[in-house]
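Accompanying notes for the structure given below.
To find a chain, count down the sequence lines: A is the first, B the second, and so on, and within it residues start at 1. Computed from a predicted model, the values in this text were never measured in an experiment.
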There are 2 protein chains.
Amino acid sequence: MRDLANALGIEAASIYSHIKSKEEILQRVCFRMATEFFEALETAEATETTATGQLRRAIAAHVQVLTKNTAASAVFLHEWRHLSEPFHSEFLALRDKYEGHFRKIIKNGVEKGEFEVPDEKFAALTILSALNWIHTWYKPEGKMPPAEIAENLSAMLLNGLRATEPRAVTPLTRVHAT
Amino acid sequence: MRDLANALGIEAASIYSHIKSKEEILQRVCFRMATEFFEALETAEATETTATGQLRRAIAAHVQVLTKNTAASAVFLHEWRHLSEPFHSEFLALRDKYEGHFRKIIKNGVEKGEFEVPDEKFAALTILSALNWIHTWYKPEGKMPPAEIAENLSAMLLNGLRATEPRAVTPLTRVHAT
DNA sequence: CCTACCGATCGGTAGG
DNA sequence: CCTACCGATCGGTAGG
């Protein structure tokens, strides 16, 4: 709190005329980020009809939110553990709901014959894992912009590494990095 | 340190007759885990000749180490940030070297025509991301054993979600979870 | 938003 | 491995 006050140019005690407690900051960051992720995801789902299209848009939306504010993303991804009840449970429920959207897209894809996976929940978790790690290395000044990161991730997750068949996904903006 | 002492059944001050500082514990955990990851990876590389085989073994080895001790893995994955110099730099160098092994396997695969990826570094990072996230949800008592997790991850990362072609990887122990 | 301060807790040391 | 402590720092409050 002293560091924060210092960055704001005020005394530490003065922070408490703006917020109730240190945890309130954590709560605000966690739930604001959750809202942003949901809004981006819902837009993605609404603009596409195929499971493949929805998944690609959902990945792009997630990467967009994640890279827009890496500091807030790190809090959203890791620090929610320190939320007190009932916020902790509430946050976990939101997280599960978000994951559920991905599961549903994958399930739809499997039913329509677009996808083939051993386990939808596992697939959803793996996709989100690959996505969520980027905040540890992403730098806004780096040479790969968010849209291209999303493109590459979609290609890898949809087609895998294998070179046996023609690529099923050939995005308009297919870019080779490096 | 008080909690640790409590768990050990001794006084907090007594810990310091075993270690020099709190950070020494962090250093030991981080570098011991690094060694374990390297040993497992080298064994994996030595037992296979194709890039596909090596990658599948490397994934299995990584998952094995990660799930064997989830607490130590979490420290290895996140807390290394608090290492002081020169340990911090030394750790980062090891991490980059480890990542380099994965990059090389992928590069070999591309050259031999087994893989097709836009960017080897990006592919290596994505694979490790998908792998490293499992420590956040893995429970030893859960119904998916480490070998099956590795199997599913290999299948997803090598073939993707797409159902357009016959599966290129058909592991001996292919299991459908859930 | 500041001054002045608090009780609690932290990693760690001295000396046995 | 313990007793007895330490200086520093923490989140936060009282009263203006």
Checklist line | For B:T49 against B:K112, the heavy-atom pair lying closest together | finding: O-NZ, 3.2 Å

Next item on the list: Measure the distance from CZ on B:R2 to P on D:dC5 and round it to the nearest whole Å.
Entry: 15 Å

Item checked: Pairwise 5' ranking along DNA chain D for B:S17 and A:A13, keeping only the more 5' one -> B:S17

Margin query: Can you measure B:L26 atom CG to C:dG11 atom P for me and round it to whole angstrom units?
Written below: 13 Å

Notebook entry, point to check: Crowded around A:D3 CG? As in, over 12 foreign heavy atoms under 6.0 Å?
Noted result: no

Margin query: Expressed as a whole number of angstroms, how long is the span from B:K22:NZ to C:dT9:P?
Written below: 16 Å

Check: Within this structure, what is the CD1-to-C1' distance between A:I15 and D:dT13, rounded to whole angstrom?
Finding: 14 Å

Next item on the list: Hunt down the Watson-Crick or G-U wobble partner of D:dG15, both distances under 3.5 Å, from any strand shown, or write none.
Entry: C:dC2

Note to self: Side chain of A:I10, heavy atoms from C-beta onward: which of C:dC2, D:dG12, D:dC5 has the nearest atom to it?
What the structure shows: C:dC2

Check: Considering only C:dG12, D:dG11, D:dC1, which nucleotide approaches the side chain of A:Y16 most closely?
Finding: D:dG11

Next item on the list: Rounded off to whole Å, could you give me the CD1-to-C1' distance for the B:I19 and C:dG12 pair?
Entry: 10 Å

Check: Does the ring center of A:H101 lie less than 6.0 Å from the ring center of A:H62?
Finding: no

Next item on the list: Could you check how far NZ of A:K20 sits from P of D:dG12, rounded to whole Å?
Entry: 9 Å

Next item on the list: Identify the heavy atoms of A:T70 and A:Y138 that sit nearest to each other, and give their distance.
Entry: CG2-CD2, 3.7 Å

Next item on the list: Measure the distance from CD on A:E24 to C1' on D:dG12 and round it to the nearest whole Å.
Entry: 14 Å

Notebook entry, point to check: Looking at the side chain of B:H18, which of D:dC1, C:dG11, C:dC1 is the nearest nucleotide?
Noted result: D:dC1

Margin query: In whole Å, I'd like the distance from the CE atom of B:M1 to the P atom of D:dC2.
Written below: 14 Å

Next item on the list: Counting heavy atoms from C-beta on, name the nucleotide in C:dC1, D:dC2, C:dC5 closest to the side chain of B:E11.
Entry: D:dC2

Next item on the list: Assess whether side chain to side chain contact (heavy atoms under 4.5 Å, CB included) is satisfied between B:I105 and B:R57, documenting all intermediate values.
Entry: CA-CA 11 Å; B:I105 293 174; B:R57 288 271 186 172; over 6 Å; no

